[in-house]
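Here the structure is laid out as structure tokens; the discussion comes afterwards.
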Protein chains: 2
Amino acid sequence: MSQGNTAVTEQLRTLEDAQAMIESGQCPIPPREILDKIAGKWAIQIIVATSRGPIRFTELERLIQGVSRRMLTLTLRNLERDGLLTRTVHPTVPPKVEYEATPMALELYEAMLTLTNWSLRHSSCVAVARAEYDARTPG
Amino acid sequence: MSQGNTAVTEQLRTLEDAQAMIESGQCPIPPREILDKIAGKWAIQIIVATSRGPIRFTELERLIQGVSRRMLTLTLRNLERDGLLTRTVHPTVPPKVEYEATPMALELYEAMLTLTNWSLRHSSCVAVARAEYDARTPG
DNA sequence: CAGGATCCAAAGAGATACTG
DNA sequence: CAGTATCTCTTTGGATCCTG
């Protein structure tokens, strides 16, 4: 974050450049897969919730409204597998497990802000476009 | 892009701010929905393909490898409905329909680059994390 | 040419009961 | 407490056939 990453943001200027890189096999994991990670219904909320320090499973379950045990577990596992989350088991009784976002995840969080700001800037436009489309499509 | 948008990029600095906005009902369309738009298997490729000027249905079909007619049509309709694409019908025989990205979509395209760059910077890290996870999980 | 309609398979996600 | 296992429903996407 903060300073020293100007060079890094200069890596690519167009998505075509990115696609060329992908096709040339220089990218171990294609951006499409990255998008899949955060596209799930719960991943972003988990990254937000774990970005301020260690948090326990049950706390997450309460914090992220509407999530089922199954999906919380699955999403946590996926994020952990990709190195976006650390999982620390304290061998106590009862068990205590804590999750925390890694620096890599915090950077992703920042990148997400770009998209979020886009959506905030244009959500009214999108809403209008939809209304117009829906108005002229049935007829 | 380029100049004059400093104020606009200052709108939000954290996802918590964004979530607060969403909950306060000030955002017609929540960022989650925005993500859903571009999370589909084909939306991004379509935005890329339509970002350089009008392009016809069949050209898209050839350009975007592996897409089925059905999915191409569905994705195009969704993008059009949200105002990210224009659809122009030329009443000729045989019919000719052209699609083109709107300015709003071009900005989204820019925002996507942030994510793409993140993925390029970290894809090796993710690959390593995965290998390690897979190595220690079975055992 | 540019789709619409229909059918089918796979993945995503919710509910619930059980366990170390 | 922090999961796993199972069952089911929904969504997403592919294949195919039909039409203005």
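Chain A is the first sequence line, chain B the second, and so forth, proteins listed ahead of strands; every chain is numbered from 1.
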Check every atom of [options] against the side chain of [X] and return the nucleotide holding the closest atom.
X	options	value
A/R87	D/dA2, D/dG3, D/dG14	D/dG3
B/P95	D/dG3, C/dG14, D/dG20	D/dG20
A/T73	D/dG3, C/dC1, C/dG14	D/dG3

Give a yes or no on whether a salt bridge exists between [X] and [Y], defined as a side-chain N under 4.0 angstrom from a carboxylate O.
X	Y	answer
B/R56	B/E61	no
B/E59	B/K96	no
A/R121	B/E107	yes
A/E80	B/R136	yes

Specify the separation, in whole Å, of atom [atom1] of [X] and atom [atom2] of [N].
X	N	atom1	atom2	result
B/I46	C/dG3	CD1	C1'	14 Å
B/I64	D/dG13	CD1	P	13 Å
A/R70	C/dG14	CZ	P	9 Å
B/M71	D/dA15	CE	C1'	13 Å
A/L76	D/dT4	CG	C1'	14 Å
A/L74	C/dA13	CG	C1'	9 Å
B/K37	D/dT12	NZ	P	12 Å
B/L72	D/dG13	CG	P	13 Å

With a 4.0 Å limit, can you tell me whether [X] has a side-chain N or O closer than that to the phosphate oxygens OP1/OP2 of [N]?
X	N	value
A/Y99	D/dG3	yes
A/K41	D/dT11	no
B/R77	C/dG4	yes
B/S68	D/dG13	no

- [ ] Drop me the distance from A/N78's CG to B/Y133's OH, to the nearest 0.5 angstrom.
- [x]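 Those atoms lie 8.0 Å apart.
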Task: Touch class at under 4.0 angstrom, heavy-atom based, for B/R56 against every strand present - done: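 Here B/R56 touches the backbone only, sparing every base.
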Task: Comparing A/V97 and B/G66 on DNA chain D - which has the more 5′ nearest nucleotide - done: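 Mapping each residue to its closest nucleotide by heavy atoms, the 5'-most match is A/V97.
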